[in-house]
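When reading the values below, keep in mind they use all heavy atoms of this one structure, side chains included, and skip hydrogens, waters and symmetry mates. Protein chains get the first letters and strands the later ones, always in sequence-line order, with residue 1 at the start of each.
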Amino acid sequence: MPKACAAKRKACYKTSESDDEADAAPGVNKLVDLDFENKSTTPKIIANALLSLLPNDATKQDSGAKTLVKAFPLVLAELEARASKTAMKSVEEGASQPITFSFKNNDSEEVAAAVDLPEESFVHVLHFLDGHELVDASLVSKAWLSSTRLPTVWKDGVDMSRGMNKKELNMTGLLKLLRRPQFSELKAIALPNTKMKLGANGVKQLATALPHLETLDFGYYSGNTKAKDSHLLAAAELFPQLSGLRLDMWNATSYGIASVARAMGSRLVDLRIRAESITRGFLSQAAMDAIASSCPNLKYFGYKNSEFLYSPSLDGVRGDKVVALVKACPKLETLELRDVYVHVDKSHYLEIAEFVSERLDQYALRNLIVYGHGRISEKVTNPFKICELLSEFTFLNVVDKFCHPRLGTGVMFWDIKYGTDGIPKRTRNIMSL
Amino acid sequence: MDEDNTVGIVKLVSKEGDIFPLSIEIAKLSNLVVTTLGEEEEHDTDDEDGNNVEIPLSNVRSSVLEKVVQYCVHYSKEPMTPITTPLQTLDMAKIVQKWYADFVDVDQVMMFELVTAANFMDIKPLLDLTCLAVSFYIKGKSADEIRRIFNISNESVSQQDAVITEMSEGADEEVV
């Protein structure tokens, strides 16, 4: 503690000195004599030394005095910045002690073996856990707590929508949370599944808190953030590393999505959109065109249709548009279409499969994820045919007829049944080709 | 520096002094081996002993080193599917090939020693695999269960009760 104080004082001393030297007359240098280690150096003495730099008759109106007074907030700001820097450092380095694991034989009280795991390895273990599992792990012991707070554990992303927090978060709470050191290098975040209001400045505040963010999920799979077009555009502008956007169309419009696609252009790598029929939010054909023509680097395109009050005329995710998107985006690895069964049918899937299978070295598409509550099978008959054409597909997932071809060995089907609780139950059937 | 040197044998020496010879090409999965060989080359460029380097691994037990060698040999024939996060499934046999899933079917002490060995020898895929396997011990368990599994004494916990209570309140309020 005394050491830290001394260091802080020194820092204060240095900063004020340099600030003053710049403005005060050269030659007057009594500050150098001040000894911050010495306890007899009271604030009063320091004040006198500083005052002696000014002309004897100087008042608050004197320009030198004004500069001097203005220097203090700078000193304070610098000290605070250093403190948070030190805190981050100690989190990163200071806490890196091996974590000891001891093992007992059954029923015996004696420790049979103990292994010290270097913290970097333990962190590697932790990064395979998801948010709420990390919360549990952090409660095990002090050492575990300190490890779970390292930024490297959280780097890959935080999914707030999957119930890490028991209490509903508002924007202020979320921002407070994200300022914790462990989130400083966060690359992906899914916003909480609560009625959180983003507000006019929400995205801006998030961008300040998470400068490294690459993927921002406003609620593609589940969420209630209801991002507006202005939020999407702000995100595109304010997150320097952003390459992935996931959103629902409660408030966001096709026009907004098209604008974001144009604004982000080749920077956009991952785009997942959930339609919302209540607000007539469907992706338009024009927006599909905009995405296809502006975003050549797209690797993941996902669209989840809204079944309730579905309006086929508004839904612009047509088979030909999907095919055009695939053709325009050679880097596309995954195409995910959920409940898209009116405008896209087997002819389109086959066209995609044929097109890609003839150009395997130029087109990256290998994952096709198609979901639909029992309606897909007639529309996408014969997933086997697609498998044959695209034997390179690593993941062909047609739900209610889900198959996963491992080259030549057979096909695995998943039959999906929805229980009364709404949770799909999967039964696995394996069938040889 | 030059690639001609790839035919040689490297001898990995365990804590007990047992020697595990391994072809350099295979052993290069370990970045520790790569760096050590690099240093050897710098020191004596033109002698043939460079093809027969001994690498002491004084904190790796023979039984662990044997597993590591098995891993490296198998990796050279069938490279492991890279492990990516977030995990799509919790079935080890679906994340990596069956051989690798069977490979980590060992007791906990061996598992942790494999992690430390992989870390020390800097073998990235082995570290991924073993750390993933260790994370499966923790996944979905409460703090109490984790303490029981790893014999983290309740005594040390009671000393920290203050910290922990504060922490769990924090978790209620705001997450970790």
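Residue A:Phe128 comes nearest to B:Ser135 through the heavy atom pair CB-OG, 3.4 Å, listed as atom of the first residue, atom of the second, then distance.
Counting only N and O atoms by type, the side chains of A:Glu214 and A:Ser243 include no donor and acceptor under 3.5 Å apart. Side chain to side chain, B:Ser76 and B:Glu25 fail the donor-acceptor criterion of an N or O pair below 3.5 Å. Between the side chains of A:His124 and A:Glu120, not a single donor N or O lies within less than 3.5 Å of an accepting N or O.
The cationic atom of A:Arg272 (NZ for Lys, CZ for Arg) lies less than 6.0 Å from the six-membered ring centre of A:Tyr300 and within 45° of the ring axis.
Of the atoms belonging to B:Asp107, not a single heavy atom falls under 4.5 Å from chain A.
With respect to chain A, the highest number of heavy-atom pairs below 4.5 Å among B:Leu127, B:Leu132, B:Val134 belongs to B:Leu132.
With salt bridges taken as basic N to acidic carboxylate O contacts below 4.0 Å, one links A:Glu336 and A:Arg338.
Ring orientation note: the planes of B:Trp99 and B:Phe103 are close to parallel, at an angle under 30° on the 30°/60° scale.
Proximity to chain A at a heavy-atom threshold of 4.5 Å picks out B:Gln108, B:Val109, B:Phe112, B:Glu113, B:Val115, B:Thr116, B:Asn119 from residues 108-119 of chain B, in numerical order.
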